Each structure stands twice: as C-alpha cells, then as structure tokens.
Trainee: 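Quick one: the structure is below, questions incoming.
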Amino acid sequence: MFYVDLAISGIVFGCMYALMAVGLTLVYGMLRILHIAHAAVFALGAYVTVLVANASGSILIGFIAALIATPLCGVAIYRLLYQPLLHYRPDVPMIASIGLLVLMQDGFRILFGEQGVTFLKNPLAIETVDIAGITLNLAQIAVLIVTIIIFLALHLFTTQTRIGVAWRATVSNPRIAASFGVDAIRVRYLNFAIGSALAGVAGGLIALLNNFVDPTIGYVVSYKALAIIVLGGLGSVRGTLIASLFLGVIESYGTIFIGSYLNRDAIAFLALILILMARPQGFTGARTA
Amino acid sequence: MLNFGRGLFGALAVLISQAALADVKIGFQAPLTGLAATDGKSSKIAAEIAIDDLNAAGGVLGQKFELVTYDDQAKSDQAIFTANKLVGDDGVKFAISGSYSAAGRAAAPIFQKAGVVFISSYGVHPDITKAGDYCFRLVRLGPPQGRAAAYFIADKLKLKKASVISMDNDYGEATLQGFLGDAEKNGIKVVNKYNYSLQDRQFGPIVAGVKRDDPEVIYATGYFFTAGPLVAQLRAGGVKAPIVGSQAFDSGKFIEIAGAAAEGVYVIDGFDRYRKDSKLEHFTAEFQKRAGYPPEGVAAEVYSSFDILADAMKRTGSLDPVKVRDTLAATKDFPMLNETLGGFNKLHEVVMPATVDVVKDGKFVHFSTIEDAKVLAPPEE
Amino acid sequence: MSAYTISLLSIVGINVILAVSLNIISGFCGQISLGHGAFYGAGAYAAALVAIATRNLPLALIAGMLVGSVLGLIVGFASLRVRSDFLAVTTIGINFLFTGFVRKQGWLGAEMGISSIPASGLGASGNMIMIELFAAATIALSLYVNASWMGFAFRAVAEDEDAAATLAINGISYKLVAFALGTALAGLAGALYAYFTQFINVDAFDFITSVMLMAMVVIGGIGSTVGVAIAAIVLTLLPETFRFINEYRLLVFGGLLVLFISLAPGGLASLFHGTRTRLRR
C-alpha cells in the first residue's frame with residue numbers, strides 16, 4: 001500500500017509539474033526563449049484565483065478571472081519584452097525575463113503582503129475521497145482531472161484542427177510553416193496566450209492544493225519547469241507530460257529513500273543530468289532538433 | 001515681527017533639543033526583501049513599536065532612541081555590509097538583529113570586534129553568541145528546543161512511538177539533533193525520520209510514510225508556510241496522531257492555512273499571546289493596527305530585545321557599551337512578552353521556561369509550561 | 001576608508017572575478033552556464049577546509065582554484081554531450097545538486113555552514129587589497145586570453161563549431177579549457193569569499209547567485225571583459241545605493257534590469273562602442 005501511495009503522490013506531483021511546465025513548452029518550442037518569467041505568470045494566476053474567489057465567494061469565478069488575466073499578461077510580456085529582443089542571443093531575453101520575475105514577484109509581495117493569502121473557503125483541500133484504500137483530497141483529484149483534460153485538449157487541438165496543425169508546424173519549424181502561408185506572428189501571440197492561460201490554471205490549482213499563495217510561489221516553477229521541458233525534449237507537449245510524471249514519481253520515492261542524502265530538487269536534477277547524459281535529446285526530442 | 005522671531009527661535013530650540021535628544025541609535029537588521037521577508041516585516045514593525053514605546057516612556061537618560069534599519073535579505077554577505085554600515089557610518093553602539101541565523105552569524109563578529117552590544121532576537125545559529133561577550137541571544141537554541149519537545153512528548157503526552165519530520169535549514173537540523181539525542185533517554189522510539197526543503201508545499205510521500213509508520217505522535221519542525229500545508233495534508237491523508245510542532249509553527253497564518261486540521265497541534269516554545277498583561281495587550285493591539293495581522297512569536301522576541309536592552313541602559317545609568325553589556329549579562333527575571341527571562345548563562349544564551357501552546361478553536365492557547373532546568377539548559381560553551 | 005566601504009569593495013572585487021570568469025565560459029566560448037554558483041561554492045568550501053587545517057593562505061587559495069576547476073572539467077565533459085540550450089538547464093542542475101549535496105554533508109557543516117575559518121592575517125583592508133589585485137589580474141588574464149589565439153579559437157567555437165573544425169580548431173578541447181579556466185577563477189573567488197566572511201553556508205552559492213552572475217555578463221555585454229567587469233561593479237553597488245528604500249530595493253532592481261535590457265540589449269559594451277551589433281543567435 002505504501003508503495004502505491006508513493007506512486008499516487010508522485011503522479012500528483014507529476015501533474016502539478018506538467019501544468020506548470022506545459023505553457024513553457026509552448027513558448028520555448030517556438031521562440032527558444034528561456035521564459036523564466038513564466039513563473040511570475042503562474043504566480044499571477046495563483047493570486048488572482050485566490051483573491052477573486054475570496055471576493056466573489058466562488059472558486060470558479062476565481063479561475064475564470066485567472067484565465068482572463070494571465071493570457072493578457074503573457075501576451076503583454078511577449079509584445080513588450082521579448083519581441084524587441086528576438087534577434088539577440090537567448091541569454092539576453094532570458095536575463096530580461098529574470099528581471100521581470102524579480103519585479104513581479106516583489107510587486108506581489110508589496111501589493112498582497114509578505115504573509116501571503118489563503119482561500120477563505122477551500123472545501124477541496126479538506127474533503128477527501130477514498131478509492132480502494134487510497135485517500136485523495138478533492139484538490140488532488142481536480143489536479144489529476146484538469147491535467148488529463150488539458151493534455152487531451154492540446155493533443156486534439158494540434159492534430160484535429162486546422163489552426164492547431166498550423167500551430168504545430170510553426171512550433172517545429174517556423175520557416176517552413178511560413179512558406180506554407182502560416183502567419184507566424186499570430187501563432188506566437190496564440191502561443192503566449194495559451195501558454196500563459198495554462199500557467200494561470202496551474203497557479204490556481206496549486207493554490208487550491210496548498211491552500212496558500214505567497215510571493216515565492218513561482219520560485220520552484222522558475223527552475224523546475226525548465227528542467228522538465230528540457231527533459232521532455234523541448235517543445236514537445238507529450239514529452240513534457242512524460243518528463244513531469246517521471247520526475248514526480250522519482251521525487252516521491254526519492255524523498256523517502258534518499259531524502260537524507262539529497263533534497264527533492266537535487267534528486268530531480270540528478271535524474272535530469274543522468275538522463276541527459278544517456279539521451280542528450282531528452283525523452284522525445286529528435287537527435288537534431 | 002517679535003512674534004515671528006520668537007516663533008522661529010522656538011522652532012530652532014525644538015530642533016536643537018530634538019537633535020540632542022535623538023541620540024541613542026539602535027542599529028537594526030532585518031530581511032525586508034527576499035525569501036524571509038515575512039518575518040522581516042513583522043520584525044520591523046515590532047522594532048518600530050518598541051522604539052515608539054520606549055520614547056513615549058521618556059527614552060533613556062534624557063535621550064531618545066533612534067532606530068536605524070537596514071535590509072539584510074537574511075543573507076550573510078548582505079549582513080556583513082549592513083553591520084559594517086551600522087558600525088562605521090552610523091556609529092551605533094547597540095545593535096539588534098531581527099533576522100535569520102546566517103545573517104546573524106555573519107554580523108556577530110563585526111559587532112563584537114567593534115565593541116557593539118548585539119542581540120540576536122531569534123537567530124538560532126549556535127555560533128552567534130560564540131562570537132564573543134558583546135553578543136546575546138533572546139531565543140532558545142535549537143537543541144534545547146528539540147530536547148524540550150522530547151521531554152514534553154514523554155512526560156506530558158506519555159507517548160512513545162514517534163515519526164519525525166524536519167525541515168532542511170540550520171534551525172531544523174539543530175532542533176532535530178536535540179530531539180533525537182534525548183528521545184531515547186525519554187523512552188521515545190523514533191520510527192522514521194523525514195525531511196523536506198523550505199520550497200516544498202506538497203508532502204504526499206511524507207504523508208504516505210507516516211501512514212505506514214502508524215506513530216503515536218508526530219514531531220515536526222517547520223515555518224507556517226510549510227507547517228500549514230504539511231499539517232493539512234497529514235490530516236487529509238487520514239493521519240490522526242497528535243502533532244507536536246516546533247516554535248516556528250507559531251503564526252496565525254499557520255492556523256489560517258491548515259484550517260480545522262490545525263486543531264490540537266502543540267507548539268513547543270510557543271508564544272502565550274492571550275496572557276493577561278497590560279504590556280502584551282498594548283503590543284498586540286498596536287501590532288495588529290500597524291501590520292494588519294496579529295503578532296507572532298518573532299515579533300514578540302524583537303520587541304523584547306529592544307525592551308531588555310533599554311532596561312539594561314537604564315539600570316546601568318550610562319550608555320557606555322561595556323557597562324551596558326555587563327548589566328545586560330547580569331539581567332535577572334526580566335518580563336519579556338513571551339516568557340519571563342530567568343537570565344543569561346555564561347555564553348549569553350537565555351535561561352527561561354518554555355511555553356507549550358495548543359491550537360484550540362482556531363487560536364493558540366497556553367497548554368503547559370516546561371520548567372525543567374536540565375532539559376532546557378543551553379550549552380555553556 | 002570605513003569598514004563598510006572595505007566590505008563593499010571586497011564583494012565588488014569577488015563579483016568582478018566571478019562575472020569575468022563566467023564571461024570566459026559563456027561570453028567567449030558560448031557555453032551558457034547558470035551554475036557558476038556551484039564552482040564558486042566548491043572553491044569556498046575547499047578553501048575553508050584547507051584554511052582550517054593548515055592556516056596557510058596561498059594553500060587555501062590554490063585549493064579553491066583546484067577544486068573549482070576539477071568540478072568545472074567534469075561539467076565541461078558533460079557539456080560536450082548536450083547542445084547549448086540544454087546546457088543552461090544542465091548547469092542549473094549542477095547548482096542544485098551542489099547545494100543539495102552540501103546540505104547533507106556533516107563534514108561540510110551541512111546546514112550550519114563552516115564558521116571557524118581563520119583570518120587571512122592581512123586585516124580587512126589587506127584582505128580587500130588582495131581581492132582587488134586578484135580581480136585586476138583576472139581582468140588582465142581575460143583581456144590577454146581574448147586577444148590571443150585561444151580567444152580567437154573560443155570565438156570560433158562559439159560562432160560555429162563545425163566551421164571552427166575546418167580551421168583545425170578542436171571544439172572539444174577549447175570548451176574544456178574555457179570551463180577549466182573559468183571555474184578555476186570562480187573557485188578562487190570562492191576562496192577569497194571564505195576569507196572575507198570567515199563563515200560560509202550553502203545559501204550563498206545558490207541558483208539565484210548564479211543567475212545574478214549571468215545577469216552581470218549580459219548587462220555588461222556578452223564577451224566584453226571590460227563591460228562585464230563594469231556591470232559586476234554596478235550591479236553590486238546599485239542595490240547598496242538605494243538602501244534607503246529598504247523594502248522596495250528588489251522591486252527597483254528588477255525594474256532596472258528589465259529597463260536596461262530593453263533599452264540596451266547589447267549590454268554596456270554596445271553603449272561604449274556606439275555599435276549595436278546584433279549578437280548572433
């Protein structure tokens with residue numbers, strides 16, 4: 001039972017990571033920018049969800065507000081910060097991105113307080129469900145379900161719809177796509193909008209899970225999401241999901257069995273480095289991506 | 001014209017007298033930005049209230065106190081800058097750290113060398129007081145805190161089988177060592193140890209482990225931002241054993257995050273905030289007004305650091321740091337906001353009883369007091 | 001000179017060494033590293049242990065350089081396996097692995113850090129002068145390398161490794177040299193830091209530190225030794241100059257970072273030369 005419990009909590013971790021990272025995958029795949037400020041968009045989503053939910057009395061309205069705020073924020077970041085920097089080496093927009101993360105993170109601290117915010121009412125973190133002897137709270141179940149829905153939807157979108165196919169073509173090879181008449185600029189905006197909306201949902205869900213949002217909530221996302229998209233093979237949505245679940249499960253078992261030698265982050269990065277040494281292209285990346 | 005002249009003269013006189021009065025500078029470092037900003041903010045507000053109260057009571061030796069605050073981000077190199085700035089540029093003779101261990105540890109030797117009386121309000125690194133005789137600490141060290149927890153579990157709760165969860169920082173490590181060292185002596189069997197880092201908010205694997213251990217009691221160290229989710233997840237996971245938490249659980253935010261799950265959690269070396277005491281009541285009200293949330297243990301410790309320092313100055317009747325240091329070291333039975341300080345030991349570590357709080361109806365209430373001097377004894381060297 | 005100024009200048013010097021050394025790896029040779037803090041830390045820990053054991057300053061400094069560069073070579077070998085944007089993340093991993101490892105090692109002081117590091121015996125100002133001399137030497141070395149055949153080879157590797165091969169420049173060995181050199185200097189900086197604070201704990205060498213160093217390189221102008229050195233000085237002193245705004249310091253700092261990169265993406269170097277050469281992606 002213990003091992004099953006660990007596996008389940010690993011999968012919950014994995015879904016959390018998948019939600020944090022999938023938006024970043026979309027951005028990175030296309031623009032090759034290490035968009036570290038994705039973590040700030042994630043934090044924005046978390047704050048908006050909690051604050052609006054508390055003000056309106058409905059968690060759902062909180063999520064809807066986050067779904068409005070984060071794409072706007074993401075598109076603004078692209079337009080104002082990254083677009084003028086696209087012709088520079090990737091470290092240049094990356095540093096701008098880090099500056100923005102510092103700015104926004106500290107902005108949250110000043111606006112919403114050092115102490116962080118909690119949901120006034122969060123039944124999802126308290127109510128539990130027993131499934132075959134495994135106890136999960138509703139927030140965890142929500143994370144699992146939302147992750148499945150999002151990845152399924154992304155899969156269908158990119159394989160079944162015209163715009164989705166164009167989008168995928170642009171992500172994997174912008175030049176060739178352009179020659180087929182795909183408007184790369186519009187796809188970029190779409191990318192940032194969708195990626196940021198996903199970050200917003202992720203932020204809201206993590207806020208539900210933790211029942212707590214503080215200004216440092218984005219810190220873990222800022223580096224772990226990068227590790228995940230690299231492990232997933234950069235720009236691959238499927239790879240991101242696999243890498244997230246893999247790291248989640250590794251961390252879950254690792255916390256118990258090697259936790260007194262290495263902490264959780266170190267375990268994750270050790271796994272990352274070992275895998276990259278064996279498979280430099282990540283889980284799903286092509287060798288010459 | 002005459003009136004104007006008199007007015008001007010009056011204003012000048014006030015200015016001059018204020019300049020003369022605003023004389024005793026107290027240097028203060030706190031993590032106002034960065035990862036420890038939560039405690040930094042509480043520290044700063046508590047320090048400001050302390051200064052206002054002391055000045056309202058007439059200052060010391062006819063002089064007013066002036067607070068000089070710098071942000072040290074709880075980092076050692078920043079604390080070295082600010083300590084040097086306080087010593088060199090501001091010329092302070094007295095300093096208080098409302099910051100974490102690493103910052104306090106890095107700053108202590110600088111104050112020691114400059115002959116500045118230095119109090120670390122809640123930094124638990126053992127080497128802070130070892131920097132020398134000018135350095136004091138107003139919080140109990142990690143190891144005796146851990147020993148007190150073991151004693152409490154065995155003596156009060158009469159429980160024998162424990163799972164231990166500790167956080168990865170100097171405070172967590174030191175407290176854990178104290179607990180483990182005394183657990184066996186108290187007849188407590190530690191089934192399993194778990195640790196987590198301060199960024200963690202999801203503790204699924206630990207909850208799974210504790211469920212397997214099926215302990216009679218859980219001892220955990222953590223700050224409110226980890227302790228809140230941890231306790232909530234343990235309870236949501238169906239763990240029913242009583243939870244004994246470390247001092248750093250002490251924050252209203254902990255109860256807010258954990259909600260109903262916080263009920264019945266014990267906090268070792270907590271802050272008995274509803275004690276009938278006019279000074280405490282005044283502080284609580286004032287803090288709530290300025291901060292917008294109730295004070296936690298950290299705030300009380302910072303306030304008391306100023307209070308005890310000012311008291312030593314008054315009793316010395318002089319502002320000579322050497323004399324104030326010696327008076328401070330000889331302080332006996334001083335009423336702090338959280339506990340009555342018995343005194344300082346040779347190393348300038350606090351000797352005082354430990355309050356145990358329990359969460360009841362969404363509030364920290366006093367549960368018992370640990371008096372056993374041997375359990376609580378700070379190290380002598 | 002006040003103690004405050006001395007401590008500030010000491011850290012300025014250490015940061016100059018760190019930024020200029022990172023520039024050798026990332027600027028000259030094009031290997032983005034976000035894990036410089038690990039080598040800095042490795043040097044600091046090595047020097048601290050040797051300083052405690054031998055009380056010998058030169059020995060401790062050498063130990064710092066040695067351990068920094070050995071670790072750097074290992075990472076350098078690893079870097080050969082992965083392409084450049086993967087390398088950034090791999091080096092983040094090295095940084096987290098380093099801090100995670102040290103946290104659990106009793107002989108490295110674990111969470112408590114190492115606090116009984118003996119003084120260098122030079123006094124605070126002597127210490128500072130030593131640091132500044134090493135900083136100057138690092139700048140000189142970097143300028144020399146850049147002007148030499150090695151610098152040409154580094155740039156060739158950074159631009160296009162395959163094209164470099166046609167000039168008989170072996171990308172592999174030059175990448176390793178850049179890593180070994182850059183990380184040895186980071187180790188030296190760590191050793192100097194250990195003597196400066198006489199107390200080290202692992203938080204001083206975390207990922208955020210590495211990111212700040214990379215920011216210095218980019219703000220200075222990738223590949224420009226002088227620009228990077230100036231950026232290191234400015235970025236260290238800047239937060240100090242607005243100490244008076246206490247809790248708004250980070251906010252302003254982040255804002256200035258964004259603003260500067262937006263206005264001068266080529267870094268300080270591009271402002272001085274008046275050229276806005278668009279760095280190749």
Side-chain angles (χ1 to χ4, degrees), chain A residues 1-13 16 102 106 109-110 113-122 125-128 130 134-140 143 206-207 209-217 219-220 223-224 248 251-257 259-260 263-266, chain B residues 31-42 44-45 165-168 192-213 223-230 232-233 235-239 251-261 291-293 296:
Chain A
M1 204 64 230
F2 174 52
Y3 293 92
V4 179
D5 274 347
L6 285 185
I8 301 281
S9 75
I11 290 169
V12 174
F13 280 171
M16 261 166 54
V102 172
D106 233 45
R109 179 179 66 79
I110 290 161
E114 284 79 0
Q115 295 253 319
V117 293
T118 52
F119 285 101
L120 293 176
K121 250 176 48 192
N122 180 5
I126 302 161
E127 302 282 329
T128 57
D130 277 304
I134 293 154
T135 316
L136 286 176
N137 65 33
L138 292 182
Q140 289 171 320
V143 166
I206 305 288
L209 268 181
N210 299 348
N211 194 26
F212 177 55
V213 179
D214 72 345
T216 63
I217 190 170
Y219 180 57
V220 175
Y223 56 85
K224 197 147 294 169
E251 285 185 18
S252 180
Y253 284 96
T255 302
I256 297 298
F257 295 108
S260 46
N263 64 16
R264 194 166 144 186
D265 288 337
Chain B
L32 303 178
T33 60
L35 293 172
T38 316
D39 283 331
K41 179 169 186 188
S42 295
K44 181 166 173 262
I45 291 169
I165 306 168
S166 71
M167 63 173 160
D168 285 342
N192 252 319
K193 299 191 301 251
Y194 306 91
N195 56 293
Y196 66 84
S197 71
L198 293 182
Q199 276 85 44
D200 290 351
R201 303 284 183 272
Q202 286 297 314
F203 304 96
I206 294 178
V207 172
V210 171
K211 272 166 83 175
R212 180 187 59 165
D213 299 343
Y223 295 105
F224 74 87
F225 49 84
T226 56
L230 174 65
Q233 289 162 35
R235 292 295 183 239
V239 175
S251 160
K253 206 77 190 173
F254 161 70
I255 298 173
E256 205 181 303
I257 297 168
Y293 55 91
E296 62 281 73

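Each chain gets a letter, A, B and so on, in the order the sequences are listed, and its residues count up from 1. All of these numbers come straight from a predicted model, not from anything done at the bench.
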Trainee: So which part of A/N211 gets closer than 4.5 Å to some heavy atom of chain B, the side chain, the backbone, both or neither?
Mentor: both

Trainee: Show your working on side chain to side chain contact (heavy atoms under 4.5 Å, CB included) between B/R212 and A/D5 and close with a plain yes or no.
Mentor: CA-CA 10 Å; B/R212 180 187 59 165; A/D5 274 347; over 6 Å; no

Trainee: Using non-hydrogen atoms only, which part of B/A232 is less than 4.5 Å away from chain A: side chain, backbone, both, or neither?
Mentor: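 Neither part.
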
Trainee: Under 3.5 Å, is there a donor-acceptor pair linking the side chains of A/T135 and A/T128?
Mentor: no

Trainee: Taking the side chain from B/Y196 and the backbone from A/T255, do they hold a donor-acceptor pair closer than 3.5 Å?
Mentor: no

Trainee: Please flag which part of B/L32 lies under 4.5 Å from any non-hydrogen atom of chain A: side chain, backbone, both or neither.
Mentor: backbone

Trainee: Chain B: which of A/F13, A/F119, A/Y219 shares the most heavy-atom pairs with it under 4.5 Å?
Mentor: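 The residue among A/F13, A/F119, A/Y219 with the greatest pair count is A/F13.
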
Trainee: With chain B, which of A/M16, A/R264, A/E251 has the greatest number of heavy-atom pairs at distances under 4.5 Å?
Mentor: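 Greatest number of close heavy-atom pairs with chain B: A/R264.
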
Trainee: Contact part of A/V213 toward chain B, heavy-atom cut-off under 4.5 Å: side chain, backbone, both or neither?
Mentor: neither

Trainee: Looking at B/R235, B/K253, B/K41, B/Q199, which one has more heavy-atom pairs under 4.5 Å with chain A than the rest?
Mentor: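 Ranked by heavy-atom pairs under 4.5 Å with chain A, first place is B/K253.
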
Trainee: So, B/Y293 and B/S42: side-chain donor and acceptor under 3.5 Å apart, yes or no?
Mentor: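 Distance-only check passes for B/Y293 and B/S42.
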
Trainee: Between A/T216, A/I256, A/D265, which has the largest tally of heavy atom pairs under 4.5 Å with chain B?
Mentor: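 Between A/T216, A/I256, A/D265, the count favours A/I256.
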
Trainee: B/F225 versus chain A, heavy atoms under 4.5 Å apart: side chain, backbone, both or neither?
Mentor: both

Trainee: Chain A: which of B/E256, B/R201, B/Q233, B/Q202 shares the most heavy-atom pairs with it under 4.5 Å?
Mentor: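 So the answer, after comparing B/E256, B/R201, B/Q233, B/Q202, is B/Q202.
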
Trainee: Answer with side chain, backbone, both or neither: which region of A/N210 has an atom nearer than 4.5 Å to a non-hydrogen atom of chain B?
Mentor: both

Trainee: For a side chain to side chain contact (heavy atoms under 4.5 Å, CB included) check, start with the C-alpha distance between B/K193 and A/S260, then their side-chain angles and the critical distance, and finish with the verdict.
Mentor: CA-CA 9 Å; B/K193 299 191 301 251; A/S260 46; over 6 Å; no

Trainee: Are side-chain N/O atoms of B/D168 and A/N263 paired as donor and acceptor at under 3.5 Å?
Mentor: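 Judged by distance alone, the side chains do not pair up.
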
Trainee: Of B/N195, B/V207, B/V210, which meets side-chain contact (heavy atoms from CB on, under 4.5 Å) against B/I165?
Mentor: B/V210

Trainee: Measure from the side-chain N and O atoms of B/T38 to the backbone N and O of A/E114, and report whether any donor-acceptor pair falls under 3.5 Å.
Mentor: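 Yes: the side chain of B/T38 pairs with the backbone of A/E114.
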
